Structure formats: C-alpha cells, structure tokens
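Inspection log for the structure reproduced underneath, given as structure tokens.
Naming: A, B, ... by sequence-line order, numbering from 1 per chain. On a predicted model such as this, the values are computed, not experimentally measured, just so you know.
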Amino acid sequence: MALSGMRGLSVFISDIRNCQNKEQERLRVDKELGNIRTRFKNEKGLTPYEKKKYVWKMLYIYMLGYDVDFGHMEAVSLISAPKYPEKQVGYIVTSCLLNENHDFLRLAINTVRNDIIGRNETFQCLALTLVGNIGGREFAESLAPDVQKLLISSSCRPLVRKKAALCLLRLYRKNPDVVNVDGWSDRMTQLLDERDLGVLTSSMSLLVALVSNNHEAYWSCLPKCVKILERLAKNQDVPQEYTYYGIPSPWLQVKTMRALQYFPTVEDPNTRRSLFEVLQRILMGTDVVKNVNKNNASHAVLFEALALVMHLDAEKEMMSQCVALLGKFIAVREPNIRYLGLENMTRMLMVTDVQDIIKRHQAQIITSLKDPDISIRRRALDLLYGMCDVSNAKDIVEELLQYLSSADFAMREELSLKAAILAEKFAPDLSWYVDVILQLIDKAGDFVSDDIWFRVVQFVTNNEDLQPYAALKAREYLDKPAIHETMVKVSAYILGEYSHLLARRPGCSPREIFHIIHEKLPTVSTSTIPILLSTYAKILMHSQPPDQELRKQILAIFNKYESCIDAEIQQRAVEYHALSMKGAALMDILAEMPKFPERQSSLIKKAEESEADTAEQSAIKLRAQQHSSNALVVTDQRPANGTPPVSQLGLVKVPNMTNTDQSTAEQELPHLNGALTVVDPQPPSTPSPDLLGDLLGPLAIEGPSGTAPQSDLGVASGLEGGVAAGALAIAPVEEQTNTVQPIGDIAERFHALCMKDSGVLYEDPYIQIGIKAEWRAHHGRVVLFLGNKNTAPLFSVQALILPPSHLKMDLSLVPETIPPRAQVQCPLEVINLKPSRELAVLDFLYKFGTNVVNVKLRLPAVLNKFLQPITVSPEEFFPQWRSLSGPPLKLQEVVRGVRPMPLAEMANLFNSLHLMVCPGLDPNANNLVASTTFYSESTRAMLCLIRIETDPADRTQLRMTVASGDPTLTFELKEFIKEQLVFIPVPPRAAAPAPAPAPVPPQALPPTSSPTAISDPGALLAGLL
Amino acid sequence: MIRGVIIMNDQGKPRLIRFYEFQPVEKQQELVRSIYKILCSRAENVSNFVKVDSLFGPDVRLVYKTFATLYFVFIFDNSENELAMLDLMQVFVETLDKCFSNVCELDIVFNFNKVHTILDEIILGGQVLETSSSDVVMAVEDISKLEKNSNSIIPSIPGWQGR
C-alpha cells in the first residue's frame, strides 16, 4: 500500500478511520480545522510543503461532509507557487472547493493565464484543467484566444492539446461568443484530421457542443466525421492503446455518431452511402460474448448506431432490422443490454411505421415486468405504456393489473396511474373501463390517487347507459370483506346516485344498500363520512314509496352528526336533515347530478406535466394522442342509423353546462339524419349553485371552463385594429352567444413570453397554443404547438402571420384539421431585418362545432429577443461611450412616470431583457450601466450601451442614455426600455378569483394616462413625458 | 456531460467525491446518502443503470459498479452513452489498479489526492479526456516524478497576498 507521501496527512486520515463514531470524528475534524486555522493565520512560518499538506487535509475534511469556510485563499494562493507540487495542489483543491463565481478565482486569472501562455507544459496542463473544470465567463473572455492557440498549435504535445480542447468547450458553454464561428469552423474541420486519438476524442466532444448550437456553420465537419467512423469501425486503424477489449476506441465512435445526430440529415449521397455502410457493419457485426467489458464496449457502439439510424430515418428495411436486433436484446442474459434494449425500443416508438413490428415483441416485454432488476421493470413499464393503443390496450392493461399485486411498492403508484390513463385513453368499451378502475382500487387502493376515482365518477355520470352497470359493480364490491376506503367512497357515491336503477335486483333495495354502506362507516376516516352522508340523503330520496323505518334510521344518523366537530360533516348533516323534512322539495334539490363539462382528464394532464418537455417525448405523446379514442367519445361515435340510441337523446336533453356539451350535441345532428334538428340547446343553467357545489365538493377537479374571467372581451371591443398596442380581438364570426372565452389573461401570457422562451400563448376551452422559441443572433425559430383539448376534431384551422416590416417571418404549413386530443407543431422562422419595436401578430381561426373562433395574438418576437447580453470591461466601455458622442447615435432623455422600484429590481429587469448590467462601471451607486449586443440583418451585431441615472429621492423619474452605432437602433432601444420602465406587466395574481372583473386594459397604465392613448404605446408615452 | 464521480464503500462512506457542477457540501452529502440507499438495495446480477431524475432532475442517470468493498458511481445526463460511461469507469478502475498495483480501498483512502490526479487525467470538465489507460498511467507517472524531484528542497515562496 502506497502512502500519500505526506506523513501528517496519513496520520490524520488514520485518526479519522480510528474514530468509533460520528461524534469522535467531528471532534477530531474540529481539532484539525482549529489547527489549520491557526497555522494559516500566522502565515509567515508556513512552508509551502505545510501549506500543501493543510490544503489536502481541507479537501479531505470537505469530502467527509464538513463545511470548510476558510483557507480558500491559501488554496488559491498555492496556484502561484513556483514549484510543481504546491502548484498542483493549489489547482486541484481550488477546482474542488470553489465554484465558478467565487471572488478569489478572479484574483487568480492572471496567474492562470501566465501558466497557460508560459512555456512549461506541466503548468499549462494544470491551468487548463482548472479552467476546464470551473472557468466562468470572465475566464472565457480573457483566456479563450490563448486556449484556442494551444489547441491548434503544431508544437504542443497532445497531452496539452486535448486539455485545451475540453477547456475551450467549457469556455464556449460559458460564453458562446468566444468562439468566432467564421474563423473557427475551418479550424474545427482541420482538427478532425488529427491522428492522435486523445486529441481527436476531446475535439469531437468540442464539436458536439458546437454543432448542437449551430450545425449550419459546421457542415464541412460532417464528411470528416464519417471518415473517422470509417477509420475506426471499418479499417480498425487504431493504435493498440486505444483498442479497448478489441473494440477500436468505443468512446470516439460513440461521440462521432453523437455529433452526426446533430446534423438534420446527410445530403451528399456518397457520404450517406459510406455512413450507412459503416452503420450496417456495426449493426450486423456485434454479438453478445462472454466477456462483460467487451460486451459493454461493443454494445455502446451498437446502441449509438441504432440511435443514429433512427435519426437518419433510414429505409424501412433497416429500421425493421433495428427492431429485430432490439427484440433479440430484450431477451438476452446480460441485464445491461436488456435494459438498453427496452429503452431504445421506447425511443423507437416515435419512428413511424415500426410500432407494428415492436408489437410483435409484446409478450417478451410483458415478461420483462417480472425482471429481477427494478431498473429494467421500470423501462418495461414505460415501453408498454408508450406502445399501448386501441388494438392492444386490453391485453396490456390487464397485464398491468395482474402485475400490480406483486409489483414493488416503489412502482405501484406509477403503475396504477399508467393503467388508469391507458384504460381511459383506449377503452374499447366503457364497462371495461369501469372494471379496470374498480379493480385498480381494489388491488392497490393506497396507490390510487383521488383523480382516478373522480374521473370514473365523471364518466359514469356522463354516460347513462353505463350507470346501471357501474352501480351493480359497486354493489358487488361492497360484499367483499375489508375493502379499501377509496372503494367505499366510489361505491357509496355511485350507489347514492344510481342504486335506484338496480332496485329490482336481490340485495339492492334502498334499505339493503343503505345497510351495506353504513356497515363501512365505522371503518372510514373523516374525509369519507361526508360522501356517505350525501349517499344516505340520496338513498332516502330514491326510496319510493317512502320507507319510514329507513327514514328514521337515516335521520338519526344526520341528527348524530349535527354536532360533529368536523365542519364539513356537521354542515352536511344539518342541511340534509333540514331538507329531509321538506318532503317533495328534497326531490328537486337532490336530483341526479348533472353531467360534468367535458374537460381534459386531470390524469392525462398530470402525466403530461410529469413528463419532461423534450421533443422526443412529445413525439411519443403526439402519436399516443393521435391514436387515442377517449372513452367519452364512445357514445358519440356510434353510427347513427335512423333510430338514435337513447343515450344520444339524453345527451341533448340534459341542461348544458358549457359550450362543449352544446357543440358536441350540435355536431351530432348531421349523424342523426336531420331527425332532431329542432333540438334547442338550453342556455347554460346554474341551478342552485350552493347546494350543488356542496354535493360536488369532493368531485370538483377543476372549475368549469365557462367561468373564465371575461376581462379581455371588453378590451377587444374598445380597440379597433390597434393590434400593435396589444389588441386581442376575439371576434366570434357567427353566434354572439357562443363566444368562446380565453382561459387566462392573454396580455399577461404575452408579457410573460416576452421574458422567456416557452409557455402558453393562448388557451380557451377547445385549444391551447403553446410556444417554444430559440433565438440566435438575428434568427429565431419559433414553434407553435396547437393542441386540441377535446375529443372532437377542430376544423378549418387557419393561421396567418401579419409580420411588421422589419421581420421576415415564414410559417410552415398549418393543417386544416387538428384531430381530437392531438397536438400539431408548426415551426415559424423569423429573421430580424432592422431594429424596430413593432409587433408581429398571429391571426388564428378555427371552427369547433358551430363556433368559429378568431383571435389575433401578438407574437413575442420582440426587440429584446434579438439582444444578447455581453459584459464589457471598463477599458472597453469608456472609449466606446465617449466615441458615440451625441445624437443621433447617443440619445438622452429624462423619463417620468416610472414605476418605482428598487435598483436591484431594475437590474433584474434589465438582465431579464438581455441587457447585461455591468456593476462597478459607474461610481455612483444610484446609477446603472448595462450593455448588450443587438442583432439584425442591417446592423449585424452591434454593441449597445445604456446608462440609467436614478434619483433616490424620486423613484418615479430617471435619466436614461442609450448609445449604439446605429441611429434607428439607438432610438428604438431607448423607446423599448422606456416602455418597460413605465409599464411593467402586471404579475399574475395567483389567487385572485376576480368574481366580477371590470374590464381591465391589457396594459397596466400609469395613473396619468388618458384612455385615448391605449391604442399606441408610443403616443401614450409621448403624452406622458 | 458527466455530472459527477463518486467512490464510496459498502458502508456508504465517501472515498472520493468529484462534481463537475458545483454542489454545496450539504447537498453533496445528501446525494451520497441517497445514492447509497439506492445502491445497497440493488441485488447482484442486475443492470448497472439507475435513473436518478428524482435526485438530479430529468434525464440524469447513473451507472455504478462494485469492486470488492467499493461502489464506483458516474452520474451523467442524456448527452452521454450509458455503456460508454461504464467502459470509462472500467478504464478508471484499471488505471487505479495499475497505479497502485492491485488497488484496494485503503489505497484510495490514504491516497485520495493521487486518485484526484488520476481522475483529472481521465475526465475534464465533465467530458471524457483520455480513454487509454496506458496514456493516463504515463501522465500520472510524470506527475509523480515532478512531485518527487522538487520535494527535496522546500524553498519559501513569496507571500501571494503580500504582493
């Protein structure tokens, strides 16, 4: 056993090891820390060797989990030691202990730079390692050119160059501007000719980072990557030390294939052919062998090749070959390969046309649910969930139910949620859905969330033909001994509503139903008792002719709970008791529950929210959505053959709660051969909201969508064509009464999107429009996500972009129909031609049933999206500032009516607008200096400098100076910032229900504004100032 | 990107902790504890992969391997290939084995500084730096030589703060 070479350190480590318990360890550590602290205080007597020893001890103590809040300076100071050992310790410990923003690091920049540009290779290596591990923005700006020089230098050893490559990668991540695209892409291409595999591997990692941000600039690297793959996988042209268990550098092969996956496609036919030849060789030439390490290495390459094949969207033949391989993998002995086989099959699901081939492996995948490894079981569950559709839902869900009883506790909740969702999405018939959910509750009640049983109640309530069946099932479960409390809840609820439908069956008289439910009461918790009380009231109402005996019993129970300490129970008991005395009135008030408005399943919503928002998963989701046949639709979609089934008539007659019901009803009409054209949908009724609300209490999953605040409408009518000012015009083309109300405040959503790059732009009961944007220099790529929330398609979808003159906008084709529950993605390319504050508008139109909805929405392609924050040093700032001497390049203005805010908040606001606040440039603490780069086709990248001078005595006014090299830019930026300062978007009031909101203008206007100015913010501000 | 490398023993005692994204010390300890809890519940002959979204966020995974009394753990995101990470871990262990000739837990305990040096030659800034074990051994030997050569004389260096 070798020792650390430092006796003191070894002794300390042994001492720690000899500690009997944590307390002793803490005492020993405290003693050591005290010792180190005193030694450091009296630095004079400290030799570099001692310093080094203490710093290592600090790192050891840190690893043990003790905070070391001193000595950082000593660690950093060792970096400038002249001798290697001390320097090395300084570098290593600093990069372990400090984070990139630590002040001490800034002090070391010069030393680090000297080591990098110095002649000593070993010092260069240390410095590059530190910067590569913890270098921040400041390092990026001051060191990037030096690091680049090292990387491409022909005189440097590979040892240094490979570190330089990864160091540059870190700096690039901290500030992408440090790599100049124009100059660097050629260099990068040359780097890929490198013979040394160490340097090549690092360079490939660098390339992956670069292409993932901007593949267009690095097209010329693509053929080189293919060459490298050929060199490794085909020609096996690799030195011995880079052959790992017989495989030519698996890491480099993997990284190269990863890089290729960032190019959208391989266009050149020759390159494509060579690439596919190599891929084919990898796919075919890999076998499972005995040696685990060799297996891992060869399959690392193989799985990456699979991913690349999927990405390149190869011919169907090759895809089926891939699925066949995966099918083989999920049955092998090697657990790692089984695991990755399942995971890659799940990824494969998003490739079109292979789902059917994957389904052939269903039996094996189901077997994997019983794998000894929980990681594999989880992958199998994910895969089954992803591959489920109408054709195999029954098999898969029943397997999941069976597996539920033996599954790990850690998985049961996920399992039952997934089973419930699949049952809902793909139910071949509704009674099966009810069966599944009740079984789920029966087998794993503890893991069934409330959402799941709320949802089944909704289905039963909305589908009359299902009610007797559900009641019967609920009755059957009550006969089982010791049922789960959730089962008591759901059975009691369903029987309360529908047990009268069973009245003639044995054991189903009101009295018998009451008794069997009441038996459970002593076993349930307080949250269930209110449901039971409602059930009793309903049973009482349904017992016709009145059963006096039963009535007496139930009244006695109400009576008993009238003094219950739980307010909910007490209130229900009192109310039901009083109502029961009213005789016939009871019948009216406790009538059957009306249908629930159709709404997105909270389960599916929950599942969607828990999924990470990656393109991959949304593709799977999209497919799943396209296949979905929501159970609620089942009744609607029945072919109408002259004699409409009762349920459809029922559906039409029911008082409509929302537009959704109305429109589905109306949509049915054509199917009914015009037989029911006279049906008049009733206006939304609000029957005794309080009482219903009380009954509905436990079932209120989300408020009916019809109650969204109507604030936006008022604004819309007051604005004519004032699009640029934030007009949102919801103009129902046909029926005024069917106006669709947006959910949430459109203006608020827009303002939120101005500050971030993804979120919801618009939502109403039928559709949700989401946005995801990427901005690079003067280019933008915005994806509109149009999601149909309903179980009926949206027709005549039209999206028109009204671009302002300074933006070139190109929207891809928008499909005319959005299928039920589906989401379509429409990319929108944006190019910024010149500086301007004008706004682009999306004119969006769709039809749902008879509703035509047309909204005009502002798109968040605003000026600040084309800004990129940049820090400037005083040396850079002041000459620039002085050289832009006055108008029109430098404009100054005193702005009044500023929303008062502390300086820190203003700095945050600036930073979030991509105006980088540079502290310390202005000696006056009340002032704020910011810098940014603006990109447009006409101005190219242009530096903008901003100075704000505030008056601490009066925060409502300030003096603003904006400077740039372009007069229009200066003016537009100044006006833009002014708008932001004078008008701050109202933060969303989280808990504001706003029962009767007065029409609120979309912008919170400063108090002095005159209403006439609403339509133009420029005019408004001009009036103010 | 590789987010971190942890070596701990089968009692859950950390032997090396290296994160490539800064983690405060309490967080580090919490992560080590949580990972230990996951790992010691895993049977033998199962896969080397665990998804750790709950600890590190979406798409972060972990590979681990047991060597005698030690767990080696790599934590990384979806920009890395799982099996390639496992291969890299093997390179790390084989390199340790060469540097310490038959590495055991005590070597790592008493030479944690050298283990840091070795790791720095294999992973830099969360990226794979070198995959050839012999190249790493050579680099580490060069460093050891440098350390020895200047250990004999210990001159005092000018106080850095005093400048």
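Salt bridge status for B:Glu130 with A:Lys163: absent, with no side-chain N to carboxylate O gap under 4.0 Å. Classification of A:Lys255 and B:Glu80 as a salt-bridged pair holds, one side-chain N sitting under 4.0 Å from a carboxylate O. The existence of a salt bridge linking A:Lys162 and B:Glu121 is excluded, since no basic side-chain nitrogen approaches an acidic carboxylate oxygen closer than 4.0 Å.
Of the two parts of B:Ser101, neither the backbone nor the side chain holds a non-hydrogen atom closer than 4.5 Å to a non-hydrogen atom of chain A. Heavy-atom distances place the backbone of A:Leu128, and not its side chain, under 4.5 Å from chain B. Only the side chain of A:Arg173 comes within contact range of chain B, with heavy atoms under 4.5 Å apart. Contacts between A:Ile134 and chain B at a heavy-atom distance below 4.5 Å are absent for every atom of the residue. If you measure heavy-atom distances from A:Arg333 to chain B, you find no contacts under 4.5 Å at all. In this structure, no portion of A:Ile16 lies under 4.5 Å from any heavy atom of chain B. Of the two parts of A:Arg338, neither the backbone nor the side chain holds a non-hydrogen atom closer than 4.5 Å to a non-hydrogen atom of chain B. Contact annotation for A:Ile247: neither backbone nor side-chain heavy atoms come within less than 4.5 Å of a heavy atom of chain B. For A:Tyr60, the parts sitting under 4.5 Å from any heavy atom of chain B are the backbone and the side chain alike. When heavy atoms are compared at a cutoff of 4.5 Å, A:Thr129 approaches chain B by way of both its backbone and its side chain.
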Evaluate the side-chain contact (heavy atoms from CB on, under 4.5 Å) criterion for residues B:Glu82 and A:Phe303: first the C-alpha distance (whole Å), next the side-chain angles of each, then the deciding distance (0.1 Å), finally the verdict.
CA-CA 9 Å; B:Glu82 291 94 339; A:Phe303 278 113; over 6 Å; no

Go through A:Tyr66 and B:Val25 one step at a time and tell me if the side-chain contact (heavy atoms from CB on, under 4.5 Å) criterion holds.
CA-CA 7 Å; A:Tyr66 298 90; B:Val25 64; over 6 Å; no

Test side-chain contact (heavy atoms from CB on, under 4.5 Å) on A:Gln88 and B:His116 and set out the steps.
CA-CA 11 Å; A:Gln88 188 221 10; B:His116 269 284; over 6 Å; no

Test log, rule side-chain contact (heavy atoms from CB on, under 4.5 Å), inputs A:Ser249 and B:Thr131
CA-CA 8 Å; A:Ser249 184; B:Thr131 59; 4.2 Å; yes

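Residues of residues 28-42 of chain B having a heavy atom under 4.5 Å from any heavy atom of chain A, listed by number: B:Gln28, B:Gln29, B:Arg42.
Scored by the side chain to side chain contact (heavy atoms under 4.5 Å, CB included) test, A:Ala165 finds A:Leu151, A:Ser202, A:Ser203 as partners (sequence neighbours excluded).
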Name the atoms and distances for all side-chain donor-acceptor pairs under 3.5 Å in residues 14-23 of chain B, with sequence neighbours left out.
residue	atom	partner	partner atom	Å
B:Arg15	NE	B:Glu105	OE2	3.0
B:Arg15	NH2	B:Glu105	OE2	3.0
B:Arg18	NH2	A:Ser95	OG	3.2

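Taking 4.5 Å as the limit, every side-chain heavy atom of B:Leu88 sits out of range of all side-chain heavy atoms of A:Tyr244. A heavy-atom distance below 4.5 Å is found between the side chains of A:Ser14 and B:Phe110.
Per-residue heavy-atom pair counts under 4.5 Å with chain A were compared for B:Val128, B:Val63, B:Asp142, B:Ile143, and the maximum is reached by B:Ile143.
A donor-acceptor pair shorter than 3.5 Å cannot be found between the side chains of A:Tyr91 and B:Asp120.
Within the structure, ring pair (Phe, Tyr, Trp, His ring centres under 6.0 Å) pairs that include any residue of residues 67-91 of chain B comprise B:Phe67-B:Phe72, B:Phe72-B:Phe92 (at least two apart or interchain).
Relative ring orientation between A:Tyr339 and B:Phe49 is described as tilted, the plane-to-plane angle lying within the 30° to 60° band.
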